[in-house]
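These figures come from a predicted structure and were not determined experimentally. Here is the naming used below: chain letters follow the sequence lines, and residue numbers restart at 1 for every chain. Values below: every heavy atom of this structure, side chains too, minus hydrogens, waters and symmetry copies.
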Amino acid sequence: MTEHARQIIAAEELPPTDSAAEIEAVSKTADGEAFDPATGELIGNQPTQTEEPQAAPEAPKVELIDGLDPETDIALVVSRGHVNIARAQQITTLLTPVAMSAAFVAVVSLAAAVVQTFSPFIGASAFFYWIKVGLLVLCFGSYLLEWARNRSVLLGPILLVPIAAIVVLNIAQYPSGRQLYGEPGFVSSLFTFDRDTYFDLGGGLRGGPDFRWMADYKPMPESLSVADYGRLTDALSKDIAAKGMEAAEWSNVAELVKAPIITRGEKAILEHGDKLKTGVVVVPHDLRIVAVLAHVEGKWSAAVVGGGNCTVLLGPAPQGCRDNNNPDNWQAGDFRMLIERFEIKTAEAAQE
Amino acid sequence: MGNLVTTSLVLTDDQQRLLKNVAAVRMMRGQQQTASVSEVVRDLIERNAPALQAEIEGAKK
């Protein structure tokens, strides 16, 4: 360690100080009392020199010109518009969060509608639904919070009804064919994106978005038995062979205990969807063959009958009918053909 | 029947609709197992094979 030489000089040996130095040498204690370092004696409180408060100059009296509002116009003139800008900024600050939160609700709802339009598959998924509802509830909560915080008496109540309506309508639009909550497989179903088995169409049948309408007409236990179904297809086959396509003259069908409804493709589901439990017979304009849609033993069933032939495309096959079921690929094959060929309108097609 | 290969045909709307309708009707009558347009086209070629073959023979020297 380096040793620094120091020369210690006693205070008495110091040379006399000049007046300015003396003033500096007068130190103050913590209490504000001064003492002389030379003598070590307190020299009493030194009055702090303060300046006399100067009286504010009197503002020149200005005579107001008629029509000038001193609150705004003069401020505008004096501040060259800055005051009004500040006022506008303050109003914007108060209103913007409320308006922005409300706008977010509208934007989320609009974006969801766009997605649903361009991608029915994603739009109808439960995952998408929960994301949408989550965002809407978040935005709506933010709106209520901002309203309460800013006390926006103007925008808050005006926007409440439309914004709440958007949120409620979106929440009510739960995709049909989906489990709402609580049932086994609910959580895993949220992340299931196999389009061919995504929707529960009832009766153990699962399908993609093209056949989602079937979920709105799920088969119930009270439906045709296979024997009743067989009687129906048999009666149709006999009547078509004997009377052609004049449905009014179909005597065998008329005698059935569980009589089906006979209709055209455009009304088959949309108007008579509730009669699937006793069978809906679809008569085309140009063929001597009819289609039969029905709920048989709680399952979906579709068949074509005519020309002495009965072919079941979907569901249980009664005696006398050819079983053309293709369980692995029922959506791509003959059932799709039946819906298209017999011009069977579904709810989705009617909305277009 | 030989090996089946997948091909694509450029058809008009009417032609495609016609083939699909024929396939549907054949399936519904029980003539075909499924409403397969491919099966209709195969049948069409099969039945016209002699005439098509004769056309090729006629072009040879």
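With A:Asp334 contributing its side chain and B:Thr34 its backbone, the two residues share no donor-acceptor pair below 3.5 Å. A:Arg264 places a side-chain N or O within donor-acceptor distance of the main-chain N or O of A:Pro284, the cut-off being under 3.5 Å. The backbone N or O of A:Thr311 lies less than 3.5 Å from no partner atom in the side chain of A:Arg322, so there is not a single donor-acceptor pair. Side-chain atoms of A:Asn325 never come within 3.5 Å of backbone atoms of A:Pro327 as a donor-acceptor pair (strictly under, hydrogens ignored). Between the side chain of A:Trp300 and the backbone N or O of A:Leu201 there is at least one donor-acceptor pair closer than 3.5 Å.
For the atom pair CZ (B:Arg29) and CG (A:Asn309), the distance works out to 10.0 Å, reported to the nearest 0.5 Å. The CG atom of A:Asp286 sits 7.5 Å away from the CD atom of A:Glu343 when rounded to the nearest 0.5 Å.
In this structure, A:Thr263 and A:His272 approach most closely via the heavy-atom pair OG1-CD2, 3.7 Å.
Heavy-atom distances place the side chain of A:Phe342, and not its backbone, under 4.5 Å from chain B. Only the side chain of A:Leu313 comes within less than 4.5 Å of a heavy atom in chain B; its backbone stays farther off.
A:Phe211 and A:Trp330 have tilted rings, their planes meeting at an angle from 30° to 60° on a 0 to 90° scale.
Contacts of residues 36-51 of chain B with chain A at a heavy-atom distance below 4.5 Å are absent; not one residue qualifies. Close approach to chain A, defined as a heavy atom under 4.5 Å from one of its heavy atoms, is seen in B:Lys20 of residues 8-20 of chain B, taken by number.
A salt bridge links A:Arg231 to A:Asp228: one of the charged nitrogens lies within less than 4.0 Å of a carboxylate oxygen.
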